[in-house]
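Each remark here refers to the structure printed beneath this line.
Note on naming: letters A, B, ... go to the chains in the order of the sequence lines (proteins, then strands), and numbering restarts at 1 for each one. Heavy atoms only: backbone and side chains are in, while hydrogens, waters and symmetry mates are out.
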Amino acid sequence: MTVRTRYAPSPTGDPHVGNIRTAIFAWALARANGGQFLVRVEDTDQNRLVPGSVGRIMESLRWLGIEWDEGPDVGGPHAPYVQSERLHLYRAAADQLIAARRAYRCFCTPERLDAMRAEQAAQKQPPGYDGLCRGITAAESEARGRAEKHVVRFAMRKEGQTALNDLVRGEVVFENRLQDDFVALKSDGFPTYHLALIVDDVDMRITHVLRGEEWLPSAPKHLQLYEALGHTPTLFAHLPLILGPDGKKLSKRTGDTALLDYRENGYLPEAMLSFLAMLGWSLDDKTSIIPPEELLRSFSIERVVSNPAVFDIQRLDYLNGHYIREMAPETWRATVAEWCERGLPDTVARPVNAEVIAAAAPLLQERTAKLSDIADTVAFLFGYEAPEYAPAVLVERAGGEAEAVRILDAALVTLDGLSEDGWTRDAIEAAIRGLEGELGLKLRKFIPVLYVAEQGKAQGLPLFDSMALLGRQRALQRLRTARAHLD
RNA sequence: GGCGCGUUCGUCUAGUGGCCCAGGACGCCGCCCUUUCAAGGCGGAGAUCAGGGGUUCGAAUCCCCUACGCGCUACCA
């Protein structure tokens, strides 16, 4: 049997990282088994459609390198892959169910349903459809169906139990008497998720359904639907939820939830993929960074855990830094250029000086965690003066105002002795190292003051390279400015 | 309220009856390297395996109960 999995998002906004994690698992499962992965758009709720969502969904997948064999854009043998274009299939299924008496037309108004629920709540009874329309005769149902607005409800079997053999959790048993006659076809002619999912998964020959744990309680609906329609159910794997640092479902309050926000904020797709893949799944007891090829070769549902995972941004940052350091020099340079273009202040001339970028890129590679930090780190290279800083930082770094003055004066005198032509990285280094004896201080003791003077802060790119890049005039000017701050 | 799922270092996880007085990674702390900051190397702290009962010669691993957390309970997915 060929494994066929799908990612079935609703176009109701930008895809959430939890959703994308599901897509990654489904994709990896298909690939690891030589099967197919497809994308299907579940746009059955006309009220919640958000224009542009489908594009953003596919963009999210592409960004991570996820490829699908069939989908709304590429088509495939089971096209169309958009549910709103498959309405006749759901209607046919609903008719089949009605004919088999496994579904019935329900003429209850929203008002009556509300009243019913209020009553149930007041009586402290579990909410659920009371079955009023379930007893309407076929003839009457047929007649009223032509004239009145109605929905089609699935008639759940109310005796016995429905058991799911979940690939992640093992057997989960549900009492049928607690099941509700859910709506399968809405009054606007669109199916609900429940009906559409079964019809499409059957038609598209899906073998494994991977979805979030929040779907577990609706599994009995799906199992009974399969049975009533006369099909063998797919295999199900309910994946653990991804939680925010507060232990609740990841939300805007505690961090970004949209996958593409991470791209905006300077994360690499490789880091994101590796990070998300390891949320709920692991290769073995040693591997903590997973290359895509390895994921696609080794993924298996057996190694998916059943407990929820907290989205740990620090771990993502670490992975991002790891992948940044792995980038080829030319690729990295292009990345630096891109993020400088978008991140540097408007006062910096565009296009941003390529020579400066080329010189700074190697220095940046080991000190960047997020691409969005790049502009801030190199900004000092683009102004005449250093970025603004509090003079107190100078004093603090020197360990006293008098010390700061002494250090700056000595540096000024020595460096001023270098000619324009002699202003090279190595010459600057030799000159500054020479200050050790003169000042009676170790290099590491006085050098932070120079960092502040040149870069506006005590940490940043290596000093000698920075000063060489700045050029004699600007570098010296910044020392003078620092010195002036202390008068 | 009902139903369901879950519970191993702060976090992600390894672990499926003896190899575990629990391994790895992030984070944290220290040392080394060093031009600050990083990166890198080395080392350390950190989990009575939620609690309580069983089963067994032996349990993180099997069973039961409790607690807590989370999810679901729509003509949303």
**Report entry** Nearest-Å distance once atom C1' is located in both B:G18 and B:A77
**Finding:** 48 Å
Query raised in the report: Which part of the nucleic acid does A:S187 contact within heavy-atom distance under 4.0 Å: base, sugar-phosphate only, or nothing?
Result: base
Query raised in the report: Charged N to carboxylate O under 4.0 angstrom, A:R297 versus A:E294?
Result: yes
Identify all side-chain donor-acceptor contacts of residues 115-123 of chain A below 3.5 Å with residues at least two apart in sequence or on another chain.
residue, atom, partner, partner atom, Å
A:Q120, OE1, A:G128, N, 3.2
A:Q120, NE2, A:G128, O, 2.7

Report task. Could you work out the separation of B:C42 and B:U34 based on their C1' atoms and round it to a whole Å? Result -> 16 Å
Query raised in the report: Does A:R153 place a side-chain N or O at less than 4.0 Å from the phosphate oxygens OP1/OP2 of B:A74?
Result: no
Report task. Between B:G6 and B:C29, how far apart are the P atoms? Round to whole Å, please. Result -> 36 Å
Requested in this report: Using atom types as modelled and distance alone, determine if a side-chain donor or acceptor of A:N176 lies under 3.5 Å from a backbone N or O of A:M156.
Outcome: no
Report task. Please work out if A:W215 contacts a base, only the sugar-phosphate, or nothing of the nucleic acid, heavy-atom cut-off 4.0 Å. Result -> base
Query raised in the report: What about the rings of A:F311 and A:F275, do their centers lie closer together than 6.0 Å?
Result: yes
Query raised in the report: Rounding to the closest angstrom, what is the interatomic distance between B:U13 and B:G30 at atom P?
Result: 29 Å
Query - B/S/- contact track for nucleotides 19-34 of chain B, protein heavy atom under 4.0 Å - result: ----BSBSS------B
Query raised in the report: With both distances under 3.5 Å as the test, what is the Watson-Crick or G-U wobble partner of B:C57?
Result: B:G18
Report task. Classify every nucleotide of nucleotides 59-68 of chain B by which part a protein heavy atom approaches to under 4.0 Å, writing B for the base, S for the sugar-phosphate alone and - for neither, in 5'-to-3' order. Result -> ----------
Report task. Considering only atom P, compute the distance from B:C26 to B:U61 and round it to an integer number of Å. Result -> 29 Å
Query raised in the report: Does the pair A:K158/A:D180 count as a salt bridge with the N-to-O cut at 4.0 Å?
Result: no
Query raised in the report: If you draw the axis of the six-membered ring of A:F25, does the NZ or CZ of A:R21 fall within 45° of it and under 6.0 Å from the ring centre?
Result: yes
Query raised in the report: Nearest nucleotide by nearest heavy atom, which residue falls closer to the 5' end of RNA chain B, A:T109 or A:E302?
Result: A:E302
Query raised in the report: What is the distance from CZ of A:R211 to P of B:G71, rounded to the nearest Å?
Result: 18 Å
Report task. Compute both the distance and the angle, then confirm whether A:R40 meets the cation-pi test with A:Y7: under 6.0 Å from the six-membered ring centre, within 45 degrees of the axis. Result -> no
Query raised in the report: Among all residues two or more places apart in sequence or in another chain, which pass the side-chain hydrogen bond (donor to acceptor under 3.5 Å, both in side chains) test with A:Y193?
Result: A:R211
Query raised in the report: To the nearest angstrom, how far is A:L49 atom CG from B:A77 atom C1'?
Result: 12 Å
Query raised in the report: Is any side-chain nitrogen or oxygen of A:K249 closer than 4.0 Å to OP1 or OP2 of B:C72?
Result: yes
Report task. Can you tell me the distance, in whole Å, between the CG atom of A:L443 and the P atom of B:C37? Result -> 12 Å
Query raised in the report: Say you pick atom P in B:A50 and the same atom in B:U8; how far apart are they, in whole Å?
Result: 6 Å
Query raised in the report: Heavy atom of residues 454-471 of chain A under 4.0 Å from RNA chain B: which residues?
Result: A:A458, A:Q459, A:G460, A:L461, A:P462, A:L463, A:F464, A:D465
Query raised in the report: OH of A:Y193 versus P of B:C72: gap in Å, rounded?
Result: 13 Å
Report task. Select base, sugar-phosphate, or nothing to describe what A:V151 touches, counting heavy atoms under 4.0 Å on all strands. Result -> base
**Report entry** Exercise: do A:S466 and A:E454 side chains pair donor with acceptor under 3.5 Å
**Finding:** no
Query raised in the report: With sequence neighbours left out, what residues match A:A386 under side-chain contact (heavy atoms from CB on, under 4.5 Å)?
Result: A:Y389, A:R478
Report task. Assign A:T368 to base, sugar-phosphate, or nothing according to its heavy-atom contacts below 4.0 angstrom with the strands shown. Result -> nothing
Query raised in the report: B:C76 phosphate, OP1 or OP2: any side-chain N/O from A:T192 under 4.0 angstrom?
Result: no
Query - For B:G2, the Watson-Crick or wobble counterpart (both distances under 3.5 Å) - result: B:C72
Query raised in the report: Could one point to a donor on the side chain of A:R303 or the base of B:U13 with an acceptor on the other under 3.5 Å away?
Result: no
Produce the list of close N/O pairs, under 3.5 Å, pairing protein atoms with atoms of nucleotides 48-51 of chain B; give distances to one decimal.
none

Report task. Please check the phosphate of B:A77 (OP1 and OP2 only) for any side-chain N or O of A:K186 closer than 4.0 Å. Result -> yes
Query raised in the report: Below 4.0 angstrom from OP1 or OP2 of B:U36, is there any side-chain N or O of A:R367?
Result: no
Query raised in the report: Taking any strand in view, what nucleotide pairs with B:A45 in a Watson-Crick or G-U wobble way, both distances under 3.5 Å?
Result: none
Query raised in the report: Which nucleotides of nucleotides 1-9 of chain B have their base under 4.0 Å from a protein heavy atom (B), which only their sugar-phosphate (S), and which neither (-), written as one string 5' to 3'?
Result: B-SSBSS--
Query - Side chain of A:S282 (C-beta onward), nearest among B:A14, B:U35, B:A77 - result: B:A14
Query raised in the report: In whole Å, what separates the P atom of B:C49 from that of B:A59?
Result: 12 Å
Query raised in the report: When the distance from CG of A:D373 to P of B:A39 is rounded to whole Å, what number comes out?
Result: 13 Å
Query raised in the report: Is there side-chain contact between A:D114 and A:T109, with at least one heavy-atom pair below 4.5 Å?
Result: no
**Report entry** Test item: A:R6 and A:L197 side chains (from C-beta on) under 4.5 Å apart, heavy atoms
**Finding:** yes
Requested in this report: Using the side-chain hydrogen bond (donor to acceptor under 3.5 Å, both in side chains) rule, collect all pairs that involve residues 306-317 of chain A, keeping only residues at least two apart or in two chains.
Outcome: A:Y267-A:D317
Query raised in the report: Should A:R157 and A:D181 count as an ion pair when the cut-off is N to O under 4.0 Å?
Result: no
Query raised in the report: Does A:D256 use its side chain to pair, donor to acceptor, with the backbone of A:Y262 at less than 3.5 Å?
Result: no
Query raised in the report: On a whole-Å scale, what distance lies between the P atoms belonging to B:C76 and B:C62?
Result: 41 Å
Query - Earlier contact from the 5' end, RNA chain B, for A:P110 and A:P448 - result: A:P448
Query raised in the report: Between atom NE2 in A:H150 and atom P in B:C75, what is the gap in whole Å?
Result: 15 Å
Query - Selection residues 275-287 of chain A - residue pairs positive for side-chain hydrogen bond (donor to acceptor under 3.5 Å, both in side chains), sequence neighbours left out - result: A:S282-A:R303, A:D284-A:T287
**Report entry** Pairs touching residues 81-90 of chain A that satisfy side-chain hydrogen bond (donor to acceptor under 3.5 Å, both in side chains), sequence neighbours left out
**Finding:** A:E42-A:Q83, A:D43-A:S84, A:E70-A:Y81, A:Q83-A:D200, A:R86-A:D200, A:R86-A:D203, A:Y90-A:D200
Requested in this report: Starting at atom CD1 of A:I407, determine the distance to atom P of B:U36, rounded to an integer number of angstrom.
Outcome: 14 Å
Query raised in the report: Quick one: does NZ or CZ of A:R153 land under 6.0 Å from the six-membered ring centre of A:Y129, within 45 degrees of the ring axis?
Result: yes
Give the table of side-chain donor-acceptor pairs shorter than 3.5 Å for residues 362-374 of chain A, with sequence neighbours excluded, one pair per line with atom names and distance.
residue, atom, partner, partner atom, Å
A:Q365, NE2, A:I324, O, 2.8
A:Q365, NE2, A:M327, O, 3.0
A:R367, NE, A:L363, O, 2.7
A:R367, NH2, A:L363, O, 3.4
A:T368, OG1, A:L364, O, 2.7
A:S372, OG, A:N265, O, 2.8

Query raised in the report: Who is the Watson-Crick or G-U wobble partner of B:A50, with both distances under 3.5 Å?
Result: B:U66
